[in-house]
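Just below is one structure, and these are the notes that go with it.
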Amino acid sequence: MAAIHERLGLVPVINASGTMTTLGASRGVAEAREAVAAILGEFVDMAALQKRASRAIAEATGAEAGFVTSSSASAMTLGVAAAMTGSDPAAIARLPDAAGMKNEVVVQAGHLIDFGAPVGQMIALAGARVVSAGTTAGVSRAALDTAFGAGTAAAMFVISHHVEAPGQADLATFIAVAHGHGVPVIVDMASEYDLTGAIAMGADLVIWSAHKFLGGPTAGIVAGRRELVRAAYLQSRGIGRAMKVGKEGVAGAIGALEAWGRRDHAAEKAREDAIVAGWMAALAGVPGLVLRVLPDWTGNPIDRVEVTVGAGAGLHAWELADRLAARDPSIRVRDDLLAAGVIHLDPCNLDAREAALVSDAIGEEVAGALSRRDGLRENLAAHEAARLAAALRFPD
Ligand SMILES: *Cc1c(COP(=O)(O)O)cnc(C)c1O
């Protein structure tokens, strides 16, 4: 990792956070890196390359067809656009002006999450309008049913650890209701390992990120019914041009997807489990920390260490996260539940040496805060305000 960081003058990062866009997502697998490097210096007929991608995606997912986008976020926009325009070139050229088209997209209230940007905004980008079904406290079948109307173009279902709302309809119910109204279902499961389940259940368009668990370059993978895939692909003549994927993204995504089928998933899980066990042992004696092994709550085969940072550690969870990030190399922990005083350690992107550096650093930061008594100073609101202020100073 050192050479490119040194050349660009960047602090190396040890990623104990998981596949995060803000950290460069994942380590590319060899097959993806090779494909990216091999095609970057060549010309290629992009339509032929996307047809080849369609075959690889169909093979991996069981769908009729597929193509590669610049990201899952853009795939959400393009999927909605496809449901609005079909393959009509004139309609494609008119977007985001949706005059004369069905333009409502039904989404359960609890699925309107922020994955780094809001789901609803990706839908609105196509010229569509979100119709929220039910509430974040629950969605009855009747509430879902009444959200559909004459103007409904599509329904979107989100599978993500960001979805925390209880009582949302499950995918089978969602598909049954949408199809009952003759409306196609788009499933955003960008970060979920299961490549076949949603297609098998009858979802019309399913979206994954190539750069997350697959270890590909930044790209989105779209699989689904042939006509809807075609209509989404054809948006490249319109709004999709602003979301262009390059040859390296398509070729790299194919490489990562084909490698996925050959990878030794049991060996990778065993490697991750050994890291988690190592953390549990190494952190057991650190004062103020309560440890627990936490299985991924959307069912991905990942166990993480949940670290609840108590006052006995001499610093707040967010202070610990900040101090780890400020080190060189910078250690990044999973921080979406800081408000609950919790950090998570994710083993997916680490080797054993890096994993040991993470637990050593946590022990050092806690010991340092206790001996210097310089923790428990910044409240959560001040921490969040400081983070936002730093982001708004770009590029300094
Ligand atoms: C990561 C993620 C996205 C965004 O994916 P990109 O490919 O980075 O645009 C969208 N939805 C969910 C549920 C995600 O996890």
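Atoms within each ligand, like the ligands themselves, are counted from 1 in listed order.
In this structure, the ring of Tyr193 has its center less than 6.0 angstrom from the ring center of Trp260.
The stretch residues 165-183 participates, sequence neighbours left out, in these side-chain hydrogen bond (donor to acceptor under 3.5 Å, both in side chains) pairs: Asp145-His181, Asp170-Thr173, His179-Asp204.
There is no side-chain donor-acceptor pair under 3.5 Å between Ser132 and Gln108.
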Which N/O atoms of ligand 1 sit under 3.5 Å from a protein N/O, and at what distances?
from: ligand 1; atom 1: 5 (O); to: Ser209; atom 2: OG; distance (Å): 3.2
from: ligand 1; atom 1: 7 (O); to: Ser72; atom 2: N; distance (Å): 2.7
from: ligand 1; atom 1: 7 (O); to: Ser72; atom 2: OG; distance (Å): 3.4
from: ligand 1; atom 1: 7 (O); to: Ser209; atom 2: OG; distance (Å): 2.7
from: ligand 1; atom 1: 7 (O); to: His211; atom 2: NE2; distance (Å): 3.2
from: ligand 1; atom 1: 8 (O); to: His211; atom 2: NE2; distance (Å): 3.0
from: ligand 1; atom 1: 9 (O); to: Ser72; atom 2: N; distance (Å): 3.3
from: ligand 1; atom 1: 9 (O); to: Ala73; atom 2: N; distance (Å): 2.9
from: ligand 1; atom 1: 11 (N); to: Asp188; atom 2: OD1; distance (Å): 3.3
from: ligand 1; atom 1: 11 (N); to: Asp188; atom 2: OD2; distance (Å): 2.6
from: ligand 1; atom 1: 15 (O); to: Lys212; atom 2: NZ; distance (Å): 3.0

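Checked against side-chain hydrogen bond (donor to acceptor under 3.5 Å, both in side chains), Ser74 has the following partners two or more places apart in sequence or in another chain: Ser70, Ser71. Applying the side-chain hydrogen bond (donor to acceptor under 3.5 Å, both in side chains) criterion to Glu378, with sequence neighbours excluded, gives no partner residue.
Thr85 places no side-chain N or O within 3.5 Å of a backbone atom of Asp88 that could act as its donor or acceptor partner.
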